Student: 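My questions will all concern the structure given below.
Each chain gets a letter, A, B and so on, in the order its sequence line appears, and its residues count up from 1. No experiment lies behind these values; they were computed from the predicted model shown.
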2 protein chains.
Amino acid sequence: MGRKSLKSEHIPKATIGRLAVYIQVLERLKSEGTDVISSENLAQACSVNSSQIRKDLAYFGEFGVRGVGYYVQELITSIKQSLGVDRIWNCCIVGVGNLGRALLRHGEFKSKGFNIKVAFDCDPYKIGEIVEGLEVICTRKTRNLVSEQKLEIGIITTPPERAQRAANYLVEAGIKGIINYAPSRIDVPDHIPLEYVDFIHHFYALAFHINLGRAAE
Amino acid sequence: MGRKSLKSEHIPKATIGRLAVYIQVLERLKSEGTDVISSENLAQACSVNSSQIRKDLAYFGEFGVRGVGYYVQELITSIKQSLGVDRIWNCCIVGVGNLGRALLRHGEFKSKGFNIKVAFDCDPYKIGEIVEGLEVICTRKTRNLVSEQKLEIGIITTPPERAQRAANYLVEAGIKGIINYAPSRIDVPDHIPLEYVDFIHHFYALAFHINLGRAAE
DNA sequence: CAGTGTGAATCTCTTCACAGCT
DNA sequence: AGCTGTGAAGAGATTCACACTG
């Protein structure tokens, strides 16, 4: 397991981000009945350069047909395999506040293969409560549940001051990767992949770009 | 208005992203009682290189004191001014489903100066309903409300197939920038800044990096 | 003398341009 | 004829290294 037909050793971080976009657009094209698409047309739909797409795909293999383009369904499958999202990933969430509940309610994760199987919280008033069909479990039981339920991805939705402790529990329990929705930086060992999701960051970027446009007038 | 003391013409997109991180970390440092910090120490707390920080700040001015470092509160203020987030921004949300409600409930936006003043939806069953203190308004009234309420930022939380139409309404009404939480690409005129927030994208990246580590074993 | 601010060097990513398939 | 796959060129971002300042 874990074998991968990478043609190249290192893959740009930005490429991974774009592959997710390609999947999104390709799924829409598929649902609209498009069977084949050229890198040029896909590029337009994704607002990127067409050789960017060809290069991104070339990191993983040769998926196209010269003179023709890419078969949409085949390409979706290939990209998903390349990313390793062609299977179910077992996830847990730590912190059942507003944000945690919203994510549990959000159906997109499960439909894309990210199955949230366990919800943790350290608040005794919440423990035992049923949220979206899941019983809230005491955070101390992280170690047992991660191995019992084969949990791979931990989603942190605690308040910022408790995010580091949540991460520590998860790492100690043997989690394989972490997504941090709490607005604080956390430390994890180098071998644990970590992604930050920060809502405010996008608002700051937008505000800046709006001002920039205004200044140019 | 809109004048800005930029020392440099173009600023890397990545710099803007990091400035948001610096603010986050600096706010924590401030609350912990730190008054002065060197670029080296701030760099460690943000997991970046220290000359990266100095260069990022240099795009906007000279905020440090040689031989000393940066005064934390002063630096927070300077960065916020540079980004243009030292004032209130009027926002509206289009689409009052699960996600829209969760964002309305999420207090962080308002506390950071992004005030969601109006909630739109096109579903007649939702129009008139009060959600988190806001009356849901018919999407057709976008034009009137954007000017009346001086709305600047539009947040799209519709289902993917309705995101483009929501964007059209907003642009036509004179909105200045858009954040799209719907999992679909949208087209807007070049002069309208646009940010995508895609939850699944981070899960894909994480899955890929977990597999990569596994493959190296 | 500690630590900023910055030109120069390095590294990484993107785009071009075209050879090579189908 | 048309479009992919890819080396080479170009653009952009990061890091180094040190002159300069409080």
Student: Out of B/I37, B/D35, B/L42, which residue meets the side chain to side chain contact (heavy atoms under 4.5 Å, CB included) rule with B/V72?
Tutor: B/I37
Student: Can you check the B/I11 CD1 to D/dT14 P distance for me, whole Å?
Tutor: 13 Å
Student: List in chain and number order the residues that pass side-chain contact (heavy atoms from CB on, under 4.5 Å) with B/S47, two or more places apart in sequence or in another chain; answer none if no residue qualifies.
Tutor: none
Student: Is A/K112 salt-bridged to A/E27, cutoff N-O under 4.0 Å?
Tutor: no
Student: When you check the phosphate oxygens OP1 and OP2 of C/dG3, does a side-chain N or O of B/Y71 lie under 4.0 Å from one of them?
Tutor: no
Student: Below 4.5 Å, heavy atoms only, C-beta onward: do B/L19 and B/F60 meet side chain to side chain?
Tutor: yes
Student: Let me know the distance between CG of B/D56 and C1' of D/dA13, rounded to the nearest Å.
Tutor: 10 Å
Student: Check whether any side-chain heavy atom of A/F109 lies under 4.5 Å from a side-chain heavy atom of A/C91, and answer yes or no.
Tutor: no
Student: Summarise protein proximity over nucleotides 15-22 of chain D in one line of letters, 5' to 3': B for base, S for sugar-phosphate only, - for none, counting protein heavy atoms closer than 4.0 Å.
Tutor: BBB--BBS
Student: B/F63 CZ to C/dT4 C1': how many Å, rounded?
Tutor: 13 Å
Student: Please report, rounded to the nearest Å, how far the C1' atom of D/dT6 is from the CZ atom of A/F60.
Tutor: 17 Å
Student: Using the side-chain hydrogen bond (donor to acceptor under 3.5 Å, both in side chains) criterion, which residues pair with A/S39? Sequence neighbours excluded.
Tutor: A/R54
Student: Within this structure, what is the NZ-to-P distance between B/K13 and C/dC13, rounded to whole angstrom?
Tutor: 17 Å
Student: Cationic tip of B/R185 within the cone over B/Y196's six-membered ring, i.e. under 6.0 Å and within 45° of the normal?
Tutor: yes
Student: Grab the OH-C1' distance between A/Y59 and D/dT4 for me, whole Å please.
Tutor: 16 Å
Student: List the residues meeting side-chain contact (heavy atoms from CB on, under 4.5 Å) with B/E172, not counting sequence neighbours, and say none if there are none.
Tutor: B/R143
Student: Using the side-chain hydrogen bond (donor to acceptor under 3.5 Å, both in side chains) criterion, which residues pair with B/E161? Sequence neighbours excluded.
Tutor: none
Student: Would you say a side-chain N or O of A/Y70 is under 4.0 Å from OP1 or OP2 of D/dG2?
Tutor: no
Student: For A/I53 and C/dC13, give me the distance from atom CD1 to atom P, rounded to whole Å.
Tutor: 18 Å
Student: Quickly work out the A/L57 CG to C/dT14 P distance and round it to whole Å.
Tutor: 13 Å
Student: Quick one, which residues of residues 21-43 of chain A touch DNA chain C with a heavy atom under 4.0 Å?
Tutor: none
